[in-house]
Amino acid sequence: MDNCIFCKIISGDIPSATIFENDEFKVILDRFPGNQGHVLIMPKQHCANIFDIDSDKAGRLFSLAVKIAGVMKKTLGFTDMNVLQNNGEIAGQTVPHFHLHLIPRYENDGVQIKWKQLDLTDEQIENVRKKISENL
Ligand code: AMP
Ligand code: ZN
């Protein structure tokens, strides 16, 4: 993808702080991190988001995430972490090349990842449950 910033990082046209790479994935430090040690894991082959990625590849990506998260925890001195993944502009995705965020959390770090909770009725919950469940 010519205009994709992460494809350019993967090809080496744009520099990055690379932590790990293999045939399938590249793992880098976020250049504008939400917290110290904010890591991004991305597939090397361009795909936009969760609706576009091959599910087996997504599985392998998450296995790699578990490994990287464990090493980060051992080496960076934190205990907690947010794992995030945005899909589409409305959901806050700014780079349309699939990536998983690993964000270490430190006591009183001031990072906010929180939404206002909706007060739905049981009926509303059931309507949504049915729509998804019956189509799986
Ligand atoms: P998202 O908003 O989920 O699409 O996340 C995109 C992430 O890419 C943001 O956290 C940015 O800080 C990060 N980012 C943007 N440009 C670069 C870059 N050149 N190198 C590394 N990370 C970047
Ligand atoms: Zn790309």
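For ligands, and for the atoms within them, numbers begin at 1 and follow the listed sequence. If you read the sequence from its start, that first residue is 1, and numbering goes on from there. Computed over heavy atoms, backbone and side chain alike; hydrogens, waters and symmetry mates excluded.
- When all heavy atoms of Gly37 and Met72 are compared, the closest pair comes out as O-CE, 3.1 Å.
- Side-chain contact, Gln85 with Asn87: a donor N or O sits under 3.5 Å from an acceptor N or O.
- Ranking the protein heavy atoms by distance from atom 22 (N) of ligand 1 puts Arg31 N, 3.2 Å first.
- If you number the atoms of ligand 1 from 1 as listed, the ones under 4.0 Å from a heavy atom of Phe6 come out as 8 (O).
- Here the shortest heavy-atom pairing between Ile50 and Phe98 reads N-CD1, 3.8 Å.
- Ligand 1 has no N or O atom lying under 3.5 Å from any N or O atom of Gln93, backbone or side chain.
- With 2.8 Å as the limit, Cys47 does not count as an N, O or S neighbour of the Zn ion (ligand 2).
- Looking only at N/O/S atoms, His46 comes nearest to the Zn ion (ligand 2) through ND1.
- The local environment of NZ in Lys73 is sparse, with at most 12 non-hydrogen atoms from other residues, nucleotides or ligands closer than 6.0 Å.
- For Gly92, the closest heavy-atom approach to ligand 1 falls below 4.0 Å.
- Between the NZ atom of Lys26 and the CG atom of Leu40 there is a distance of 12.0 Å, given to the nearest 0.5 Å.
- Counting heavy atoms closer than 4.0 Å to ligand 1, residue Gln85 contributes nothing at all.
- Residue contact check for ligand 1: Ile9 places a non-hydrogen atom closer than 4.0 Å to it.
- More than 12 heavy atoms of other residues, nucleotides or ligands lie within 6.0 Å of CD in Gln93, so this atom counts as buried by the packing criterion.
- His97 has its closest N, O or S atom to the Zn ion (ligand 2) at the position named ND1.
- Interface atoms of ligand 1 facing Ile5, defined by a heavy-atom separation under 4.0 Å, are 16 (N), 19 (N).
- Taking a 6.0 Å sphere around CD of Gln36, one finds it holds 12 or fewer heavy atoms contributed by other residues, nucleotides or ligands.
- If you number the atoms of ligand 1 from 1 as listed, the ones under 4.0 Å from a heavy atom of Ile28 come out as 21 (C).
- Considering backbone and side-chain N/O atoms, Val95 comes within less than 3.5 Å of an N/O atom of ligand 1.
- Residue Asn86 approaches ligand 1 through these ligand atoms, each under 4.0 Å from one of its heavy atoms: 1 (P), 2 (O), 3 (O).
- Nearest protein neighbour of atom 5 (O) of ligand 1, counting heavy atoms only, is His99 NE2, 2.9 Å.
- For atom 9 (C) of ligand 1, the nearest non-hydrogen atom from the set Asn49, Ile103, Ile14, Asp30 comes from Asp30.
- Atoms SG of Cys7 and SG of Cys4, as seen from the Zn ion (ligand 2), are separated by an angle of 120°, to the nearest 10°.
- Heavy-atom neighbours of Asp13 CG from other residues, nucleotides or ligands within 6.0 Å: above the threshold of 12.
- For ligand 1, the polar-atom distance check finds no N/O of His38 at less than 3.5 Å from any of the ligand's N/O atoms.
- Within a 6.0 Å sphere centred on CG of Asn3, heavy atoms belonging to other residues, nucleotides or ligands number 12 at most.
- Contacts between Phe98 and ligand 1, counted as non-hydrogen atom pairs separated by less than 4.0 Å, are absent for every part of the residue.
- Around the CD1 atom of Ile90, the shell of radius 6.0 Å holds no more than 12 heavy atoms that belong to other residues, nucleotides or ligands.
- For CZ of Arg31, the number of neighbouring non-hydrogen atoms (other residues, nucleotides, ligands) closer than 6.0 Å is 12 at most.
- Remark: minimum distance from atom 4 (O) of ligand 1 to any protein heavy atom is reached at Thr94 N, 2.7 Å.
- Not less than 6.0 angstrom separates the ring centroid of His99 from the ring centroid of His97.
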